[in-house]
Novice: 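Next up is a structure, given as structure tokens.
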Amino acid sequence: MSLATFLQPQAPRISPLQPKENPRRVQVDLLRIDEVHPLISGNKWYKLKYNLLKAQQEGFTTLLTFGGAYSNHILATAAAAKEAGFKAISIIRGEETLPLNPTLRQAAFLGMQLQYVSRALYRKKKEAGFIETLQQEHGSFYLVPEGGTNKVAIRGAEEILTEALVASYDYVVCAVGTGGTLTGLITKTNNYAKVVGIPVLKGHFLKQEVRNWLVAMKKEYVTNWELVTDYHFGGYAKYTRELIAFINNFKQQYQIPLDPVYTGKMMYAVMAMVANQKFEPNSKILAIHTGGLQGIAGFNKRFGHLIV
Ligand SMILES: *Cc1c(COP(=O)(O)O)cnc(C)c1O
């Protein structure tokens, strides 16, 4: 498939939800960007779009990126590179474990070259010296940062929303990892709807991180956003029985799968905030299903078959 074909998006559909506890009668809709591509999961498709275009325009034939062993971004990059005709290399944090987990097995099957580095070396992923060593080893490559966040990724994330969507909702809610996707949603809404981010990891650095990205995008005047930090469930890829039960019940009720790392926590947060009357009466909320469903198989293998 050519890059041009790959970059033709289908408009995502919207699934209306019916929160069980809804004292203020708010409207909750789920924007299904999980369906834009089976492997280039949800927000990762939008974040990669202009990176691929830029890589091609600048004459690169290889993409190199970084990630953890279960990363949605790694598999998305592998699939996008394959479809758009790039060679792909990923630098994986930690030691190789065989057999490969489902994420890395699929990435390797798509032709991605996997290179494992120690956690200590992995921490140098932004250092020029380490990048130069990688260039000597692999030749020139277009570097996609860990998690895929950079300015062109944010420009791609803006396209998750249309003007019509921005005008139709009071709130847009999204899971936050690096904050790249959230930044794109914030710049696109441009103060017209409030953007609420649900960090899926612990720590208070993300607010500053999003502010820094807004400055980089020259949009620091957009202030109608907030991070709600009560729903990380103990940290990145941590979970509780309550979260797992929520994900399984949600799937049973709506036939919509959620992943345990990002969208499960985001959706749990939305339903809890609706029940706890955190939104004004009759407000309209658009939650973003950012995908990540490829991670369920690896999660179930690691922790027992928790997600049905
Ligand atoms: C990567 C990812 C996110 C977080 O995106 P950021 O731009 O890093 O904040 C959210 N949801 C899913 C499913 C993801 O894979």
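For ligands, and for the atoms within them, numbers begin at 1 and follow the listed sequence.
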Novice: Leu182 near ligand 1, heavy-atom distance under 4.0 Å?
Specialist: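 So Leu182 does not count as touching ligand 1.
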
Novice: Salt-bridge test for Lys188 and Glu163: reply yes if a basic N is under 4.0 Å from a carboxylate O, no otherwise.
Specialist: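 Judged by the 4.0 Å cut-off on N to carboxylate O distance, Lys188 and Glu163 do form a salt bridge.
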
Novice: Look only at the side chain of Ser41 and the backbone of Gly291, and say whether a donor-acceptor pair between them is shorter than 3.5 Å.
Specialist: no

Novice: Does Gly291 have a heavy atom less than 4.0 Å from any atom of ligand 1?
Specialist: yes

Novice: Decide whether an N or O pair under 3.5 Å exists between Asp259 and ligand 1.
Specialist: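 N/O-N/O distance below 3.5 Å does not exist for this pair.
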
Novice: Which pair of non-hydrogen atoms, one from Thr178 and one from Glu209, has the smallest distance, and what is that distance?
Specialist: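 Taking Thr178 first and Glu209 second, the nearest heavy atoms are O-CG, 3.8 Å.
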
Novice: Step through it carefully: locate the ring centre of Phe299, locate the ring centre of Tyr239, and say whether they are under 6.0 Å apart.
Specialist: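 For Phe299 and Tyr239, the ring centres are under 6.0 Å apart.
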
Novice: For ligand 1, which part of Lys47 has a heavy atom less than 4.0 Å away: the side chain, the backbone, both, or neither?
Specialist: side chain

Novice: Which one holds for Thr181 and ligand 1: side chain close, backbone close, both close, or neither close, with close meaning a heavy atom under 4.0 Å?
Specialist: both

Novice: Does the N or O separation between Thr178 and ligand 1 drop below 3.5 Å for any pair?
Specialist: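 Yes, there is a polar N/O contact under 3.5 Å.
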
Novice: Does the N or O separation between Gly177 and ligand 1 drop below 3.5 Å for any pair?
Specialist: yes

Novice: Write out the residue and atom name of the closest protein heavy atom to atom 1 (C) of ligand 1, then the distance separating them to 0.1 Å.
Specialist: Lys44 NZ, 1.5 Å

Novice: Counting each atom of ligand 1 from 1 as listed, which ones have a heavy atom of Asn72 under 4.0 Å away?
Specialist: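 Reading through ligand 1 atom by atom, the close ones are 13 (C), 14 (C), 15 (O).
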
Novice: Identify the protein heavy atom lying closest to atom 10 (C) of ligand 1, giving its residue, its atom name and the separation to 0.1 Å.
Specialist: Tyr262 CD2, 3.3 Å

Novice: Check this for me - ligand 1, Gly179, N or O atoms closer than 3.5 angstrom, yes or no?
Specialist: yes

Novice: Starting from atom 5 (O) of ligand 1, which protein heavy atom do you reach first, and at what distance in Å?
Specialist: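 Of the protein heavy atoms, Asn43 ND2, 3.0 Å lies nearest.
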
Novice: Contact between ligand 1 and Gly42 is defined here as a heavy atom of the residue under 4.0 Å from a ligand atom; is it met?
Specialist: no

Novice: Look at atom OH of Tyr192 and say whether more than 12 heavy atoms of other residues, nucleotides or ligands are closer to it than 6.0 Å.
Specialist: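 12 or below, so no.
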
Novice: When you compare ligand 1 with Thr263, is there at least one nitrogen or oxygen pair between them that comes in under 3.5 angstrom?
Specialist: no

Novice: Looking only at side chains, do Asn72 and Tyr262 share a donor and an acceptor under 3.5 Å apart?
Specialist: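 No, because no side-chain N or O of Asn72 sits under 3.5 Å from a partner of the opposite role on Tyr262.
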
Novice: Give the atom numbers and elements of ligand 1 that come within less than 4.0 Å of a heavy atom of Gly292.
Specialist: 13 (C)

Novice: May I ask whether His73 has any heavy atom positioned less than 4.0 angstrom from an atom of ligand 1?
Specialist: no

Novice: For Lys47 and Thr149, does a side-chain donor sit closer than 3.5 Å to a side-chain acceptor?
Specialist: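 Lys47 vs Thr149: donor-acceptor pair found between side chains.
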
Novice: Verify whether one side chain among His138 and Thr62 offers a donor that lies under 3.5 Å from an acceptor in the other.
Specialist: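 Side chains of His138 and Thr62: no pair found under 3.5 Å.
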
Novice: Checking a contact table here: which protein heavy atom is nearest atom 11 (N) of ligand 1, and how many Å away?
Specialist: Thr290 OG1, 2.7 Å

Novice: List the residues meeting salt bridge (charged side-chain N to carboxylate O under 4.0 Å, His left out) with Asp34, not counting sequence neighbours, and say none if there are none.
Specialist: Arg32

Novice: Are a donor atom and an acceptor atom from the side chains of Tyr50 and Gln57 found within less than 3.5 Å of each other?
Specialist: no

Novice: Among Thr183, Asn190, Thr187, find the one that has a side chain to side chain donor-acceptor pair (under 3.5 Å) with Glu158.
Specialist: Thr187

